[in-house]
Amino acid sequence: MSNEDIEILKRALQRQKIARKQAEKILEEKSRELYSLTQELKAANEKLEDLVDVKKTELQGVFDNLVDAYVLMDISGNVMKMNHAAIKLFGYDIVEERLNVVKLIYKEDYQYAMASFQKLITNGSFTDYKARVYTKHNGVRTVHINASIIKDKNEKMIGAQGIVRDITEQLKQQQIFEEQKAQLSVIVENSSLGIALTQFGKIVQTNKAFQNLLEYNKEELLQLEVKDISIKEEYAESANHMEKLNDGLVDNFSVNKRYVRKNGSEFWAKTNVAAVRNVDGGVKYQVALIEDITEQLKFEKQREALVKDLEKSNKELNDYAHIVSHDLKSPLRSMNALITWLKEDYADVLDSGANDSLNMLLNKVDKMDHLIDGILKYSSIGQSEESKHNIKLQEVVSDIIDVIHIPDHIKVTITSKLPKIKGDRFRLQQLFQNLIGNAVKYNNKKNGEVNISCKEDGNFWSFSIQDNGPGIPKKYHNKIFQIFQTLDSTIESTGIGLSIVKKIIDLYDGNIWVESQENIGTTFYFTLKKQ
């Protein structure tokens, strides 16, 4: 081999060595790029797996926390998956036992269920399926189902899924609501009050009573507004109230107004109007209840006229009683004076019989005088508005006991604390003085007793005045409260005292009665209303 050949070979080996180094360098760089890419790909894959896990967890959370039941089944109806709501509703847990949806179908709804399933197969979904189902623990429930078919990537049907909502209670409440609505409609339609539903002056619904009052039929009223059936001069007042109602200042109002019937006649009605508001507080409708008060107003006017006439008559009667009293007492006083003068002037010639006769005349005159005073007192009770104050009856009765004559052999005792009562002091004093005075005056026992007591009885005070006197025969128990009725014929007894007592008790919306046994005693019971 020549030197030239060797030199060529050396250069060839040198070029080969350089090319190999370049190839190795390229391979090293490519290997480094490949490793870097592999690491990036691994990191991206791990991140993707993490995202998939997060989404899977989120979906599982949504699935588990669905308020409605979720059921996944294969094409044969075998349940593959259920959420917590489904387990709670149906009572089955597919982890512990197998379940086919056919087991849940209510017997009487079977044909409907099969038809709906066929619709699911044909159309791929169905909505608003409502039927009854059997559950393991909750008995028969009514459910609402929306379902859809699940297919694989080749569009082959592999199962179905459904959202199931228990509507049993909802249907019960709806049924109750419909029943109440029907009952309310019956009540409204048969109410004796006229009822109308209006919307900003327009009549939108009425009941039979309203139609009868206005003499329009239902269809005719729907064409009218409130102002069409109102008196023009009075409509402004109602409109003012209605404006306040619409502005939220009031929720209801009441007015007396006139309405115009179809034939043009008018009638007065009490009208109560209330607002039916929507969720934001605005007025959606107005409900009006009207009651015909035409006759009532006529009666009230007649009653007012009668009251005025009665007041006038009472005043005239009272004036007449005072005039008659004066006219009667004048001759009585003259008679008393003349008899007294006769006794004095002819004392030396009058024998005992004549004196007795003149004394009897004086007694009769005195009795007549007491009788006239009693009549005036009786007629004056309730004739005018009497002043009312808080009266301490303990003080009133104590004063009476101190003032009236009580013999030493009779003891008057207040056995319980007497209340305060709102009334007229003079009338209350008349009441107690008459009863206590009678109990003392007619007591015939060696050791007489009169006991006064009181107790609460609901809205009344219940009093009793008990004595151990001669008693009152039962046949007189009612008679003694009538005017001019008395068991005693003495001058002081006019037969008016107990009638005055009863009239005063009547003023206080009370009642009085007597219980008595002859020779044992008498108890007067009476009540006075708390003021």
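Note: hydrogens, waters and symmetry copies are ignored here, and every other heavy atom, side chains too, is used.
Looking only at distances, no side-chain donor or acceptor of Asn468 sits under 3.5 Å from a matching main-chain atom of Gly521. The backbone N or O of Glu515 sits nowhere less than 3.5 Å from a side-chain atom of Lys474 that would complete a donor-acceptor pair. Judged by distance alone, the side chain of Asn434 and the main-chain N or O of Leu431 form no donor-acceptor pair under 3.5 Å. For the pair Asn252 (side chain) and Val273 (backbone), a donor-acceptor distance under 3.5 Å is absent. Under a 3.5 Å cut-off, the side chain of Ser191 and the backbone N or O of Leu193 do form a donor-acceptor pair. Of the possible donor and acceptor atoms, one in the side chain of Ser516 sits under 3.5 Å from a partner among the backbone N and O of Ile472. With hydrogens and angles disregarded, a donor-acceptor distance shorter than 3.5 Å links the side chain of Asn83 to the backbone of Asp68. With hydrogens and angles ignored, the 3.5 Å screen pairs no side-chain donor or acceptor of Thr198 with any backbone N or O of Gly201.
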Step-by-step salt bridge (Lys or Arg N to Asp or Glu O under 4.0 Å) determination, Glu189 to Lys208:
CA-CA 6 Å; Glu189 191 60 27; Lys208 193 68 178 176; over 6 Å; no

Which is it for Val143 and Arg132 under the side chain to side chain contact (heavy atoms under 4.5 Å, CB included) test, yes or no, and what are the steps along the way?
CA-CA 6 Å; Val143 295; Arg132 291 162 290 184; over 6 Å; no

Determine, step by step, whether Leu214 and Leu224 satisfy the side chain to side chain contact (heavy atoms under 4.5 Å, CB included) criterion, reporting the C-alpha distance in whole Å, the side-chain angles of both residues, the deciding distance to 0.1 Å, and the verdict.
CA-CA 12 Å; Leu214 274 299; Leu224 301 176; over 6 Å; no

Any chance you could lay out the side chain to side chain contact (heavy atoms under 4.5 Å, CB included) test for Lys262 and Glu220, step after step, and finish with the verdict?
CA-CA 10 Å; Lys262 185 178 180 179; Glu220 289 172 331; 2.8 Å; yes

Start with the C-alpha distance between Asp228 and Glu225, add both sets of side-chain angles, then the distance that settles side chain to side chain contact (heavy atoms under 4.5 Å, CB included), and finish with yes or no.
CA-CA 5 Å; Asp228 297 326; Glu225 295 186 10; 3.7 Å; yes

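Proximity of Val255 to His241: side-chain heavy atoms (C-beta onward) are separated by under 4.5 Å at one or more points. Between Val260 and Ser230, every side-chain heavy-atom pair lies at or beyond the 4.5 Å cut-off. Looking only at side-chain heavy atoms (C-beta outward), Asn207 and Asn190 stay at 4.5 Å or farther from each other. Residues Leu289 and Thr271 are not in side-chain contact: their nearest non-hydrogen atoms beyond the backbone lie 4.5 Å or more apart. Between Asp292 and Leu213 the shortest side-chain heavy-atom distance falls below 4.5 Å. With a 4.5 Å cut-off on side-chain heavy atoms, Ile436 and Ile465 count as touching. When side chains are defined from C-beta on, Lys130 counts as touching Ile167, because their heavy atoms get closer than 4.5 Å.
Phe432 is linked by a ring pair (Phe, Tyr, Trp, His ring centres under 6.0 Å) to Phe463, Phe526, counting only residues two or more places apart in sequence or in another chain. Remark: Tyr259 pairs with Phe267 by the ring pair (Phe, Tyr, Trp, His ring centres under 6.0 Å) rule, at least two apart or across chains. Applying the ring pair (Phe, Tyr, Trp, His ring centres under 6.0 Å) criterion to Tyr525, with sequence neighbours excluded, gives Trp513.
Side-chain polar atoms of His409 and Asn447 form no donor-acceptor pair below 3.5 angstrom. Under 3.5 Å, the side chains of Asp424 and Gln429 contain no donor-acceptor pair of N or O atoms. Donor-acceptor pairing under 3.5 Å is lacking for the side chains of Glu219 and Gln223. Looking at Lys218 and Thr206, their side chains never bring a donor and an acceptor atom within 3.5 Å of each other. For Ser254 and Asn272, the side-chain atoms include at least one donor-acceptor pair closer than 3.5 Å. Side-chain contact, Asn263 with Glu215: a donor N or O sits under 3.5 Å from an acceptor N or O.
Residue Lys445 qualifies as enclosed at atom NZ: its count of foreign heavy atoms under 6.0 Å is above 12. Summarising the local packing, CZ of Arg165 is surrounded by 12 or fewer heavy atoms from other residues, nucleotides or ligands at distances under 6.0 Å. Surrounding NZ of Lys136 are more than 12 heavy atoms belonging to other residues, nucleotides or ligands, all under 6.0 Å away. Residue Gln517 qualifies as open at atom CD: its count of foreign heavy atoms under 6.0 Å is 12 or below. The neighbour count for Lys270 NZ, taken as heavy atoms of other residues, nucleotides or ligands under 6.0 Å away, does not exceed 12.
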Please tabulate, one pair per line, all N/O donor-acceptor pairs under 3.5 Å involving side-chain atoms of residues 396-408, not counting sequence neighbours.
unit_1 : atom_1 : unit_2 : atom_2 : d
Ser398 : OG     : Gln394 : O      : 2.7
Asp399 : OD2    : Arg425 : NH2    : 3.4

Mind listing the side-chain donor-acceptor pairs of residues 450-459 below 3.5 Å, one per line with the distance, residues two or more places apart or on another chain?
unit_1 : atom_1 : unit_2 : atom_2 : d
Ser453 : OG     : Ser464 : OG     : 2.6
Glu456 : OE1    : Lys530 : NZ     : 2.4

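The pair Lys301-Glu304 does not count as a salt bridge, with every side-chain nitrogen at least 4.0 angstrom from each carboxylate oxygen.
With rounding to the nearest 0.5 Å, the separation of NZ in Lys392 from CD1 in Ile421 is 15.0 Å.
Applying the ring pair (Phe, Tyr, Trp, His ring centres under 6.0 Å) test to pairs two or more places apart or on separate chains, none has a residue in residues 181-233.
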